[in-house]
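Input: a single structure, listed below in structure tokens.
Predicted model only: the values in this text are computed from it and were never measured. For the single chain, residues carry numbers from 1 onward in sequence order.
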Amino acid sequence: MTKLDVLRRYLLPCVSPPTNPTTASPSTGAVSKKRLSTSLRDDIDVQDSASSSASSSEATSFLAAADDDSDYLSVVTQPQRPSKTMVIGTLFGRRKGHVWFCVQHDRLSVKPLLLLELSIATSQLVHEMGSGLVRVALECPTRPELKSCLLRSVPVWTMFCNGRKLGFAVRRSANEETRVMLKKLESMTVGAGVLPSGSGSGEADLDEVMYMRANYEHVVGSSDSESFHLINPDANSAQELSIFLLRTSA
């Protein structure tokens with residue numbers, strides 16, 4: 001072998017680029033980088049999707065909570081509804097006397113929930129009822145000593161009947177004569193009639209006692225407003241009777 005062949009054998013590999021399979025490594029690295037970047041984009045998309053879902057769920061929860069709060073606020077801010085109960089009311093009085101109004105929880109109770117002595121005469125109330133409409137308003141001013149007491153505990157009222165002032169009404173306690181009369185009427189829920197003399201419902205039994213007994217709807221509007229409304233058992237009758245208790249500003 002000549003010297004020239006020896007030089008070609010040892011110097012040619014140093015000058016010429018290698019042609020072995022390692023030349024494919026750059027493309028392999030590029031492919032790897034491309035795959036890596038693609039996987040990173042996939043990860044970013046997945047994270048964005050998860051964060052979007054979380055944000056959407058949080059927004060939904062917030063809106064639901066807001067709706068719940070608005071419902072709660074709407075319930076709280078609604079005005080209080082009036083309470084309604086059924087009671088038995090009895091209007092009674094002597095033919096030549098004045099009218100009493102008695103309210104009982106039930107017909108067997110001899111201790112009235114409310115007993116008022118009205119200044120209107122029995123004959124005048126009968127005349128007013130002939131028109132079919134009776135509105136009795138009992139008013140009391142809001143005095144400091146009466147402001148905190150129960151409305152049914154007010155001792156004296158100013159009385160109006162169908163818009164006309166007719167004196168006063170006074171709260172009474174049931175005496176023995178009143179309890180005897182209620183005892184006689186305990187078998188009756190609805191009705192009207194006359195109790196003969198000697199019934200024990202008057203001071204000296206000088207006159208017959210007229211009465212009208214019926215169910216009333218007791219409505220408590222507030223601490224300063226109550227009312228009793230006659231429930232007429234006859235659907236064809238136009239008779240309306242209501243009694244209002246009102247605490248007014250002075």
> Can you check whether Cys149 reaches Arg247 side chain to side chain, under 4.5 Å on heavy atoms?
Replying inline: yes
>> Assess the residue pair Lys111 and His105 against the criterion (side chain to side chain contact (heavy atoms under 4.5 Å, CB included)); give the C-alpha distance rounded to whole Å, side-chain angles, the decisive distance to 0.1 Å, and a yes or no.
In response: CA-CA 9 Å; Lys111 185 178 180 180; His105 283 297; over 6 Å; no
> Charged N to carboxylate O under 4.0 angstrom, Arg135 versus Glu240?
Replying inline: yes
>> Per the salt bridge (charged side-chain N to carboxylate O under 4.0 Å, His left out) rule, what does the pair list look like for residues 209-221, sequence neighbours excluded?
In response: none
>> Walk me through whether Met181 and Phe92 qualify under side chain to side chain contact (heavy atoms under 4.5 Å, CB included).
In response: CA-CA 10 Å; Met181 186 201 68; Phe92 65 95; 3.6 Å; yes
> Would you call Arg107 and Glu186 a salt bridge, using N to O less than 4.0 angstrom?
Replying inline: no
>> Has Arg171 got a side-chain atom pairing as donor or acceptor with Val156's backbone, closer than 3.5 angstrom?
In response: no
>> With side chain to side chain contact (heavy atoms under 4.5 Å, CB included) as the criterion, how do Met159 and Ile120 come out once you've worked through the C-alpha distance, each side chain's angles and the decisive distance to 0.1 Å?
In response: CA-CA 9 Å; Met159 179 178 172; Ile120 185 173; 3.5 Å; yes
> Is a salt bridge present between Arg152 and Glu226, judged by a nitrogen-to-oxygen distance below 4.0 Å?
Replying inline: yes
> Are Val103 and Leu125 in one and the same hydrophobic cluster, where Ile, Leu, Val, Met, Phe, Trp and Tyr link if side-chain heavy atoms are under 4.5 Å apart?
Replying inline: yes
>> Would you say Ser109 and Asp106 are linked by a side-chain donor-acceptor pair, where the criterion is simply a distance under 3.5 Å?
In response: no
> So, for Tyr211 and Val194, which heavy atoms are closest and what is the spacing to 0.1 Å?
Replying inline: CE2-N, 3.6 Å
> Nearest 0.5 Å, what's the OG1-CG distance between Thr178 and Asn175?
Replying inline: 4.0 Å
> With sequence neighbours left out, what residues match Ser227 under side-chain hydrogen bond (donor to acceptor under 3.5 Å, both in side chains)?
Replying inline: His229
> Within the distance-only criterion (no hydrogens, no angle test), does the side chain of Thr122 pair as donor or acceptor with the backbone N or O of Arg94 below 3.5 angstrom?
Replying inline: yes
> At what distance, to the nearest 0.5 angstrom, does CG of Leu118 lie from CG of Leu91?
Replying inline: 7.5 Å
>> As an exercise, state the distance from CD of Gln104 to CG of Leu115, rounded to the nearest 0.5 Å.
In response: 9.5 Å
> Listed by chain and number, what are the side-chain hydrogen bond (donor to acceptor under 3.5 Å, both in side chains) partners of Asn162, not counting sequence neighbours?
Replying inline: Glu128
> With a cutoff of under 4.5 Å between side-chain heavy atoms, which Ile, Leu, Val, Met, Phe, Trp and Tyr residues group with Ile88?
Replying inline: none
> Members other than Phe160 in its cluster, when Ile, Leu, Val, Met, Phe, Trp, Tyr link by side-chain heavy atoms under 4.5 Å?
Replying inline: none
> For the residue pair His218 and Phe228, does the interplanar ring angle fall in the parallel (under 30°), tilted (30 to 60°) or perpendicular (over 60°) class?
Replying inline: parallel
> Ser119 side chain to Leu166 main-chain N or O, any donor-acceptor pair under 3.5 Å?
Replying inline: yes
>> Are Val154 and Leu113 linked, directly or through intermediate hydrophobic residues, by side-chain heavy-atom contacts shorter than 4.5 Å (ILVMFWY only)?
In response: yes
> How far apart are the closest heavy atoms of Tyr216 and Leu230, and which atoms are they?
Replying inline: CD2-N, 3.5 Å
>> To the nearest 0.5 Å, what is the distance between CD on Glu139 and CG on Leu245?
In response: 10.5 Å
>> If hydrophobic clusters are built from ILVMFWY residues whose side chains come within less than 4.5 Å, do Met212 and Val126 share one?
In response: no
>> With side chain to side chain contact (heavy atoms under 4.5 Å, CB included) as the criterion, how do Leu116 and Trp157 come out once you've worked through the C-alpha distance, each side chain's angles and the decisive distance to 0.1 Å?
In response: CA-CA 10 Å; Leu116 295 173; Trp157 306 81; 4.1 Å; yes
> In the single-linkage hydrophobic clustering (I, L, V, M, F, W, Y; side-chain heavy atoms under 4.5 Å), do Phe101 and Leu151 co-cluster?
Replying inline: yes
> Taking side chain as C-beta onward, heavy atoms only, is Ile231 less than 4.5 Å from Met86?
Replying inline: yes
>> Taking side-chain hydrogen bond (donor to acceptor under 3.5 Å, both in side chains) as the definition, give me every residue that meets it alongside His98, ordered by chain and number, with sequence neighbours left out.
In response: Glu117
> To the nearest 0.5 Å, what is the distance between CZ (Arg172) and CG (Leu114)?
Replying inline: 13.0 Å
> Hey, what do you get for CG (Leu138) to CZ (Phe244), rounding to the nearest 0.5 Å?
Replying inline: 10.5 Å
